[in-house]
Amino acid sequence: MDPQLLISGVIFGLSIGSVFFLLSIGLSLCFGLMRIISLDQLLYYAIGAYITYTLYLVTGSVWIGVLGGMVISGIVAFGVERFIFLRIYERDITFTMIASFGILFAGVGAIKYIWGLAPLPVPSPINAMASIFGTEIPIYRLIVIVISFLVYVSIWAFLNKTITGKAIRAGIENVEHVEGLGINVYKLFTTTFIISGVLSGLAGGLHAPLIMVDPQMGLEVLPFVFMVVIIGGLGSIKGTLVSAFIVGQVISLGAIIYGPLAQMAPFAIMLLILLIKPTGLYGSKMLKR
Amino acid sequence: MVKLFNWSRGILLAFFCLLLVRVFLPLPFAIEIIIFATYTMGCNFLLGRVGFISFGQPAYLAVGAYATSFYLFYFGTNPIIGILLGILAGVAVALIIGPFFVRLRSDYFALVNLALAVIVFYLFEKVLASITHGDNGLWFLTNIASTPGLDLGVPSDFFIFVFLVAFGVWVLYKYLDDSIFGACCQATKTNEDKVKFLGYSNFKIRFLAFIIANTTTALAGSLYAVYFGFVSPEIASPSRAADPVIVTLLGGVGTLYGPIVGAFAYTGMKDLISGYISNWELFIGLLLVFIMLAGEKGIWGSLEPVLKRTFSKKGKPTT
Amino acid sequence: MPTDEILAVEGLNVAYGESKVLFDVSIHINANEIVSCVGRNGAGKSTLLRTISGFVKPTSGTVMFADTSLVGIKCYDIARMGLKYIPQDKKVFSDLTVRENLELGSYATQDYNWDKVTEYFPKLTLLMERKAGYLSGGERQMLMIGRALLGDPKVLLVDEPTEGLAPSIVAQLQNVFLELSKKAALVIVEQNLSLVSAISQRVYAVKEGRVVHEISDEGEIKNNVCEKYL
C-alpha cells in the first residue's frame, strides 16, 4: 500500500476516533454511574456543532463557537437532567433508554425548526498543513487529536485526584454505599451528566469543520458511538479510549482498502469482540441496582 | 377469577374493531394499520415477554421485504410464494444471528440491533446496489400475478388477506402466552437464575423467542413489499428504528391488544398531525418522553384495568 | 423510660410492592447501648435497618432520631445527621485504595480525623495505599466500620458484621463494638449467638416481620434464650 495514503489514513482515523471518544465518554460515564443509556448525548453533540456554526457566523471565530457550543450543551444537559432524568433514574434501564431516545428525537425536531433542514458548512479554523514523513496532514486534525488526548488526561485526573471524582468512581461500583456514607449522589449524577453533555458538545464543535452540520448528524454517528461504547465496555473510560481509536482506524483504513467496507467493518469487529467477550473489552458484569 | 378477555371473545373484540376500521376509514389507512400492528407484535413480544428492547426491527423488516421483492422482481410472479420466502428469510437470518444476539444483556441487545439496522441499510443501499438498484428501489407492482380466491393485487382483497394473516399471528401469540413457553419467557425476563434451576435453558428460550419475533417482523416486511409493489433501502432506515418501539409503548408493553391499539393511535395521529405540523420528530420525541414520565403503561395498558372493572361489574363470570 | 433515648421506631410497616415485610415494628434504642436483633433469614431484620437509615420507604410508622423524624429524609442526609448503616455485603469500593475509601467517609462531614479509625483498626494504617479489592474479608469489614466512624455517628446500624469471618477477627470486632458503645449506640443484626450474648444489653427477636420478643434481662441473654428465635 502507498505509505503516504497509509499515514494520512492513520491520522484521519485518529481524528475520527478522537471525536468518537469525546462523544462516548458521556454515554459511558452516565451508564457507569447512573445506569442509564443516555442517547441524548448525541443531541448535545448536534447542539455543540450548531452553536459553533452560529457563533462562527456572529464572531468569525470557530474556536469561540466551540467554546460556546460546550457551554450551551452543558446548559441543555443540565435542564434535561433536572426535568426528565431526575424523575426516572430509578426505573429500568430500557425505559430510561427509550426516554433518552425520545429526547434525542425531539431535539432533532427542534434543531430542524430553529436551523432548518439544509446542511450547513463550518470552515476549518486552521487551513495550514503539516508534513509528517513527507505526507501533508491538515493541522486541524492533529489539534483535534491533541485536544481529545488532553481531555482523556484531565478526565483521568478528575476521577483519580479530586474527591468528587473518587466519589464518582465509588458510585460506579456501588451507588448505595456512597449514599450510606452521607454523600448526595444526585449531585454526583448532575455533575456527571453536565460533564458528559459538555464533552459531547465539544465533540460536536470539533467535528463540525470536518463534516457538514445537519439535523440528523446525531443519528448518523449514533451507530458508531454505540460500537465504540460496546466494544470498549459500558462504564469504562479506558475501554472507551481504546475502542474509539480501534473504530476510527477500522473506518479509515477500511475505506482505503474497499469503500463500502468503512460502514460495515466496525460492525464485524464488534460482533467478533462480543463473541469473545459479551461485555466488551473492559466492561464488567452488569451491576444491578 | 373473572376472566373477561378469554380466548375467543378477546379476539372477536379486537378484530371487530378492525372491521369497523375497514368500514369507516379509507382502505389504505386500514391496511397500513394492520401491517403496522403485525410489525409491532414482534417488538412487543420481545420487549414485553422476554425483556429485550430492540431498536433494530427495521433490519428484520427489510430482510423480509427484500426477500419477497427479489423473488417478485427477478424470478416469479406469485405473491404468496414471495411472502413465504420472506418468512423463510426471516427465520434464516434469525437462526444465523440469533445465537450471538440473545447472549447479550438487554441494553447491549438494543445497541447491537440498532447497529445491525444501520448495517442492513448500507448493505441494501450501497453494497448490494447492483441487485437492489440502490436508492431507486425495486418496482414490481406489475409483476404480481393475480392469485385465485383472494387476489392480492386488489386492495380490498389484500385487506382481507392481511387481516387473516394478522389474525393468525395474533392467535399464535395468544397461544404462546398461555403456553409453558410463554411462562418461561416471562421467567427469563424476571429471574434468569431461577429459570436455570428449574432446568430450562435461558439461551434456548430467548433464541426461540427471538426467532418467532423476528420472523413476525420479516412477515410484516413481506406484506409491505407486496402491498406497495415497491421496496427501497428506506425501509431499513435507522431513523424509523423507533417506530415499533414507540407503538409498543403507546399501546402498552406486553399487552396482547397493545400493538393493535398502538398502531391505530400512532398511524392516526401521524396522519392527523402531519396535516398541521411538518415537524414530526419533535412530536414523536416529546410523546415518547411523555409516555415514559406518565408511567410507561401506554393506552391499552391504562385502559385494560378500567375495562375489566366496568365489564366485570355487569357480572358475566367466565372462567 | 429513660430520657436518653436516641432512636425510637414506632408502628413501622414496610412493603416491597405487594408483599409486606414488616408489621407494626416498634423498637427503642438508648444512647450508648448495644442492642441486637436476632431472627431467621428473611425475618425482616435487614429491612428494618434499611428502613431506619432511609434506603427503604415505610408505608406507615415513625422513626425518631433524637428529636427529628427520619421518615421521608434522604438516606444520605440521614447518614450525615449521624445515623450510619453498615450493610452486610462487605463491599468496599474495590477499585479505590483504602485511603480513598476513608476520604469518601470523611467527605460528607468533613471529618478528617482518622485517628479514631486507626485506634480501633491499627492494621489499616499499613494498608492505606492498597486497593480495597485486594483486602481480606476481615480487613474489608474493618474498613467498612472504620469509614462509617468518621463524622462521629450517634447510632450505628450494623448488618451481620461477622458473617463469614474468621473467629479471631470476630473476637476483635467484639472488643471494638464494646469500645464503640462508649461513644454511640449500636444496633447489630447478628446470627452469631455467642457474640450477641457477649455484648448486647438488650435483644429484639424478630420473626416473620414482627418483633415477637424483647429480652432485657442480662441473665436471660447470657443463657442463650435467643436461640429459640433462630
Side-chain angles (χ1 to χ4, degrees), chain A residues 28-29 31-35 82 86-87 89-92 155-192 232-240 279 282-289, chain C residues 46 49-50 52-57 73-112 129 131-133 140 143-154 156-159:
Chain A
S28 206
L29 270 182
F31 174 80
L33 185 62
M34 291 92 100
R35 301 272 165 239
R82 266 295 107 118
L86 211 51
R87 293 157 205 259
Y89 276 135
E90 308 291 316
R91 298 264 184 84
D92 193 67
I155 286 277
W156 185 88
F158 169 71
L159 289 178
N160 286 282
K161 299 294 171 204
T162 68
I163 187 75
T164 314
K166 287 170 188 171
I168 289 175
R169 270 162 66 217
I172 287 176
E173 276 190 53
N174 194 326
V175 168
E176 206 167 80
H177 284 207
V178 177
E179 283 182 301
L181 294 176
I183 297 170
N184 183 344
V185 289
Y186 292 100
K187 275 190 190 156
L188 293 183
F189 287 5
T190 310
T191 312
T192 309
L234 281 166
S236 159
I237 300 297
K238 196 173 157 199
T240 307
T279 48
Y282 291 84
S284 53
K285 285 234 163 91
M286 175 75 165
L287 307 159
K288 283 216 165 132
R289 263 226 286 168
Chain C
S46 293
L49 296 196
R50 292 172 57 81
I52 296 172
S53 47
F55 289 100
V56 179
K57 275 201 187 108
I73 296 186
K74 299 265 191 235
C75 49
Y76 43 82
D77 286 327
I78 292 177
R80 204 177 307 188
M81 285 158 66
L83 188 148
K84 288 242 172 97
Y85 170 63
I86 301 171
Q88 75 185 103
D89 54 8
K90 301 197 179 48
K91 278 193 190 128
V92 285
F93 304 122
S94 54
D95 191 37
L96 276 62
T97 61
V98 171
R99 182 184 301 282
E100 288 171 328
N101 269 277
L102 289 173
E103 278 173 14
L104 289 178
S106 300
Y107 178 54
T109 45
Q110 296 295 318
D111 172 13
Y112 285 93
E129 306 308 328
K131 288 223 169 169
R140 286 180 198 200
L143 180 55
M144 283 193 63
I145 296 175
R147 74 185 182 197
L149 293 179
L150 295 161
D152 295 318
K154 295 282 170 302
L156 281 170
L157 309 175
V158 196
D159 202 347

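Each chain gets a letter, A, B and so on, in the order the sequences are listed, and its residues count up from 1.
Under 3.5 Å, the side chains of A:Asn184 and C:Arg80 contain no donor-acceptor pair of N or O atoms.
Residue C:Asp95 touches chain A through both its backbone and its side chain, counting heavy-atom pairs closer than 4.5 Å. Within the 4.5 angstrom heavy-atom criterion, only side-chain atoms of C:Met144, from C-beta onward, approach chain A. Residue contact with chain A, scored on non-hydrogen atoms closer than 4.5 Å, is absent for C:Thr109.
Residues A:Glu179 and C:Lys74 are not paired through a salt bridge, judged by the lack of any N-O separation under 4.0 Å between the basic side chain and the carboxylate. A salt bridge links A:Lys166 with C:Glu103: the distance from a Lys NZ or Arg NE/NH1/NH2 to an Asp or Glu carboxylate oxygen falls below 4.0 Å.
Ranked by heavy-atom pairs shorter than 4.5 Å toward chain A, the options C:Gly151, C:Ala108, C:Ala148 are led by C:Ala108. The candidate from C:Asp77, C:Asp89, C:Val92, C:Leu83 with the greatest count of non-hydrogen atom pairs under 4.5 Å with chain A is C:Asp89.
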For a salt bridge (charged side-chain N to carboxylate O under 4.0 Å, His left out) check, start with the C-alpha distance between A:Glu176 and C:Arg50, then their side-chain angles and the critical distance, and finish with the verdict. CA-CA 11 Å; A:Glu176 206 167 80; C:Arg50 292 172 57 81; 2.9 Å; yes
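Judged by the 6.0 Å distance and 45° axis criteria, A:Arg35 is positioned over the aromatic ring of A:Phe31.
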